[in-house]
Structure formats: C-alpha cells, structure tokens
Amino acid sequence: MARSLKVAVVGAGASGLVTARELQREGQQVVVYEKSNQIGGTWVYSPQVESDPLSLDPKREIVHSSLYYSLETNLPRRLMGFSDYPFTIRKNGELRTFPGHQEVLQFLNNFVQDFGLLDFIRFNTEVVRVEQQNDQWVVESRRSTCDELSSSEEIFEAVVVCNGHYTIPKVADLPGIKSWPGKQIHSHNYRVPEPFRDQVVIVIGAGPSAMDIGQEITKVAKEVHLCSRSPEIKVSKLEMFNNLWQHSKIEYCYENGLVAFQDGTSVAADIILHCTGYKYDFYFLRTNGTVTIDDNRVGPLYKHVFPPELAPGLSFVGLPYRAVIFFMIEVQAKWVASVLSGKVILPPKEEMLHDVEQHYRLMEENRIPKHHTHRLPLDPFEYLNWVAAQVGFPVDTELLEIYHKFFEFISGASWIKFREQDVESWNN
C-alpha cells in the first residue's frame, strides 16, 4: 500500500512544478517553497542585473534570472513539453519552432492552473536551512510580506531540491586579467545588446548562449570575437557577418588592452563577455559534508538524484544538463515520487555508492573533467530511458525520433547558421 508523506519542494521553477504534480499524484502532502512572488524560476525575465557585472562581490544583491531579452529555447517546442501536456497546444502562443522565454513562462503558468498546483506554493518564502534531525527534515524559511520578514521552521519527512543552477556564474580565470584595463561582464548580467554599441567585444564560450549573444551583439558592436578552449577551433571570419571572428582560447591579457589568443592572433578589446556557465549552489542545505560540491560535482548522487547516505529523504531534480530537459525532470520527478510512496525501492546504500564510484572512474578513464559530472552524453536517452524504466514509464518513440533527427540536422551546420533558420518540420 502506498504511503503518504509530508514533502517539501524547494523552488517553483519547471523542476519544482512537475515534481509537485508527481508527488501530489502519488498522494503526498506537498509544500512548495518559492522565494519570489511568481512561478517559473529561470524562465522569469527581469531587466534587473547585479551591481557587480561578474557577480563576484559577496555583498551584491543576487538576481535569480539569467535570461536575456531575446532568448529562445535551444530545443524545438516538440521537445519542450511534458508527456501528457505538450507544448503544441495553441493557447500557449504562436507555433514558432523555438519558443521565446515569454511563451515558456506562459506554458508553465498554464501547467500550474490546469493541474491545480497554486494552492501548494508558498510565495515570497525563501528556504534558508534544510537539515536532517532524527530521520526527519527541518526546513527553516523566511517569508517576506509588506517589508516585514518572518521566520519559521517546519518538519517534513522528505525534501526535494529543485532550486535550479543558472544563478551563480562561473568566471574564467584569465592570465593577466587583473592588470587588463577593459570591462568584464558575465552573461548572467546580459540583457540587451545596446551597452556594446561601437565596442570591440570578446565572447568566451562555445555553448548556445555564447553563440546567441555573440550573434546578437554584432548588430551594434564594432567587432565581436568568439573564443573557445576547443582544440578544433581555428581563427576564422564567420560568413554571414562582417564583424564576427572565431578564435582559440585566450593566452594572455595585457595592460595595454591587448588580448592574445593561442592561435597567434591578438585583439585590442574593450569588453570581455564571459559565457562560461554556472555553479551549483545549495546554500541552505546542511548535511555535515555528506553531500558536497567539488568543482561543480554534486555528490555523491545516485543517478544524479539520490544521495545514498540520505536517500530517499533527500533528493534532487533537474541537475543534469545537455538533455531534453522537460522530459528529464518529468521522469526524475516520477521516480522520486514513486520511491517516496513505496512503489519503487532503491538499491541498498552500498550498491548506490558503488554505482557512483563506477561513474566517477569511467569519467577519469575517458578524461572527462570533474566539472562535467552532470553533463549527459551526446545521446542522453541512455540515462533518460533508465530513469523512466524505474517507474515503468514508456518513452515515446516519436520523442526519440524527433531528438535524433534534430541533432542529426544541427550536427551538419554551425550553431549560428542553424539559429538563423526556423525549421517548420519540428512542429509537424
């Protein structure tokens, strides 16, 4: 017989919302803590940026969102929905291939309304401490109302962490950067291209954000130079643009403003824009060292979800990246909910720890850096199929076909060329 537990969910972004739905479906008593006044997490756009453009000042006011105004999804909408709640329904807006962030937020608001999740969410309530006591979990929170703060503690039988990982920037440590006279900014604090007008800009990174932002600021900047640590990158001027170049990684930043690349070229730059990713951060979580973050490796975690020493009372949804994100968080949430209800039993602690150690060993053998622990392989469905199988959830073969067709298509073109197109076939 399924058991009913009192479960706290930290965060009302996409991961927290689908987790709350799956827990509610399993008959759990759910409380969702959300520190802002609305749902959506990283999909809530704010023009506000942090006072420190690199987000290094510990005294700064932290802005949660990293969205820039023009951001669109980097997966077609057919890969952005949930199994029983597709993104193709017309009430979510126009059916362009890559939805803008406004449409994704509307999709999530519709999801909350249609599944009656609003009553489970405590808005303006920040979790400041999660700690295990006597096989239960204490959640200390701070609620903000009318310029007043009130604190409270509540006991839960389980906690699911869904606070996202696109808020605390990683910044590249560049040789000579302390003496370099130009400006620096992390993409976390990028919103619109206008501040880069008539500037010579170096964009560090090779991910979708670097490509998107680099392309966008060519419309106003004097020059844009993309640089990456990939050994396959060679200096070249990108076609389709009059002011966009590609380089290898930065070798040194000089006091006279010159920035030298390992490909032998150099640029007198005004701004360095770091599109270098983010750090996992669980400032509220106190586990006496049982769960740690080391070079962006959160662990030990069994299959990126359960810490063996604390499972099933503590779990994480949404940590892996380079995946079909909405489908991934849905199957992870189903797994967590089924384990907490008693329908699915986790392996013994020793077996889970052995699995984690084996994963780390395979990473070392394949020379995969520790900071990529939670990056899924190019074909993420080996992992997604495994998680789905734990709860007997069949993976839609159409979803697999769309994913493989999509990545086969983009593998033959540069990201910038690809984003210039709006391939209608992904909506059919």
Side-chain angles (χ1 to χ4, degrees), residues 1-35 39-41 82-85 108 111-123 125-127 129-141 143 152-164 282 284-285 287 291 301-319 326-347 352 387-393:
M1 184 175 179
R3 58 178 180 245
S4 178
L5 305 176
K6 186 178 179 183
V7 184
V9 176
V10 183
S15 294
L17 296 174
V18 74
T19 297
R21 185 189 71 164
E22 297 303 328
L23 290 168
Q24 193 271 337
R25 282 176 163 178
E26 290 293 335
Q28 311 299 348
Q29 305 164 53
V30 185
V31 175
V32 181
Y33 289 90
E34 171 52 49
K35 65 180 179 181
I39 65 97
F82 300 118
S83 61
D84 57 352
Y85 199 78
L108 292 174
F111 180 81
V112 168
Q113 292 294 332
D114 291 347
F115 288 100
L117 301 178
L118 207 57
D119 291 341
F120 301 114
I121 305 172
R122 296 181 184 175
F123 292 106
T125 306
E126 179 183 9
V127 172
R129 180 171 63 96
V130 171
E131 189 171 14
Q132 188 180 37
Q133 290 183 3
N134 301 322
D135 295 326
Q136 294 182 313
W137 291 88
V138 177
V139 175
E140 181 182 353
S141 62
R143 180 170 172 77
S152 65
E153 291 185 1
E154 196 163 345
I155 302 296
F156 292 88
E157 291 161 285
V159 175
V160 189
V161 178
C162 306
N163 68 320
F282 312 106
F284 50 83
L285 190 57
T287 65
V291 177
L301 292 182
Y302 179 60
K303 305 300 185 185
H304 307 285
V305 175
F306 289 103
E309 296 282 354
L310 300 172
L314 181 66
S315 58
F316 298 77
V317 169
L319 292 192
F326 278 30
F327 179 73
M328 181 195 75
I329 60 178
E330 181 182 8
V331 294
Q332 285 184 331
K334 287 180 182 293
W335 186 27
V336 169
S338 295
V339 168
L340 290 178
S341 71
K343 292 182 178 179
V344 173
I345 306 299
L346 289 173
M352 289 192 285
V387 178
Q390 304 312 297
V391 293
F393 183 69

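The residues of the chain are indexed from 1 along the displayed sequence. Computed from heavy atoms alone, side chains included, the values below leave out hydrogens, waters and symmetry copies.
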In Å, rounded to the nearest 0.5 Å, how long is the span from OG1 of Thr19 to CD of Glu330? 10.0 Å
Should Val138 and Arg129 count as side-chain neighbours, where that means a heavy-atom distance under 4.5 Å? yes
Look at the rings of Phe111 and Phe115 and say which category their plane angle falls in: under 30° parallel, 30 to 60° tilted, over 60° perpendicular. tilted
Stepwise, does the side chain to side chain contact (heavy atoms under 4.5 Å, CB included) test hold for Tyr33 with Val159? CA-CA 11 Å; Tyr33 289 90; Val159 175; over 6 Å; no
Of the options Phe306, Phe282, Trp335, which is the one that meets Phe316 in a ring pair (Phe, Tyr, Trp, His ring centres under 6.0 Å)? Phe282
How close do Ile121 and Ala12 get, counting heavy atoms only, and between which atoms? CG2-CB, 4.3 Å
To the nearest 0.5 angstrom, please state how far the NZ atom of Lys35 sits from the OG1 atom of Thr125. 12.5 Å
Taking the side chain as everything from C-beta on, heavy atoms only, tell me whether Gln113 gets closer than 4.5 Å to Leu118. yes
Could you give the distance from CG (Leu5) to CZ (Phe156), rounded to the nearest 0.5 Å? 12.0 Å
Do you know which two heavy atoms are closest between Pro347 and Met352, and how far apart they sit? O-CE, 3.5 Å
For the residue pair Thr287 and Val291, what are the closest heavy atoms and their distance? OG1-N, 3.0 Å
So Val161 and Leu314, do their side chains get closer than 4.5 Å, heavy atoms only? yes
Flag side-chain contact, heavy atom, 4.5 Å: Arg21 against Leu117: yes
Taking Ser341 for its side chain and Val339 for its backbone only, find out whether a donor-acceptor pair lies under 3.5 Å. no
Ignoring hydrogens, what is the shortest heavy-atom contact between Phe120 and Gln24? Give both atom names and the distance. CZ-CG, 3.5 Å
Could you go step by step and tell me if Glu34 and Ile39 meet the side chain to side chain contact (heavy atoms under 4.5 Å, CB included) rule? CA-CA 7 Å; Glu34 171 52 49; Ile39 65 97; 5.8 Å; no
Tell me, do Lys343 and Glu26 make a side-chain contact under 4.5 Å, heavy atoms counted? yes
Quick check for you: to the nearest 0.5 Å, what is the distance between Met328 atom CE and Leu319 atom CG? 7.5 Å
Atom OG of Ser15 and atom CD of Gln332: how far apart are they, to the nearest 0.5 Å? 7.5 Å
Decide yes or no for Val336 and Glu22: does some side-chain heavy atom of the first lie under 4.5 Å from some side-chain heavy atom of the second? no
Report, as yes or no, whether the 6.0 Å neighbourhood of atom CG on Asp84 holds more than 12 heavy atoms from other residues, nucleotides or ligands. yes
Qualifying residue for side-chain hydrogen bond (donor to acceptor under 3.5 Å, both in side chains) with Lys6, from Gln28, Gln136, Glu154: Glu154
Provide the closest heavy-atom pair for Phe326 versus Leu108 in the form atom of the first, atom of the second, distance. CE2-CD2, 4.1 Å
Using a 4.5 Å cut-off on heavy atoms from C-beta on, say whether the side chain of Leu301 contacts that of Pro307. yes
Pair Phe82-Ile329, side chain to side chain contact (heavy atoms under 4.5 Å, CB included): steps then yes or no: CA-CA 9 Å; Phe82 300 118; Ile329 60 178; 4.2 Å; yes
Does any part of the side chain of Glu140, heavy atoms only, come nearer than 4.5 Å to the side chain of Glu131, both counted from C-beta? no
Could you tell me the separation between the CG atom of Leu340 and the OG atom of Ser315, rounded to the nearest 0.5 Å? 6.0 Å
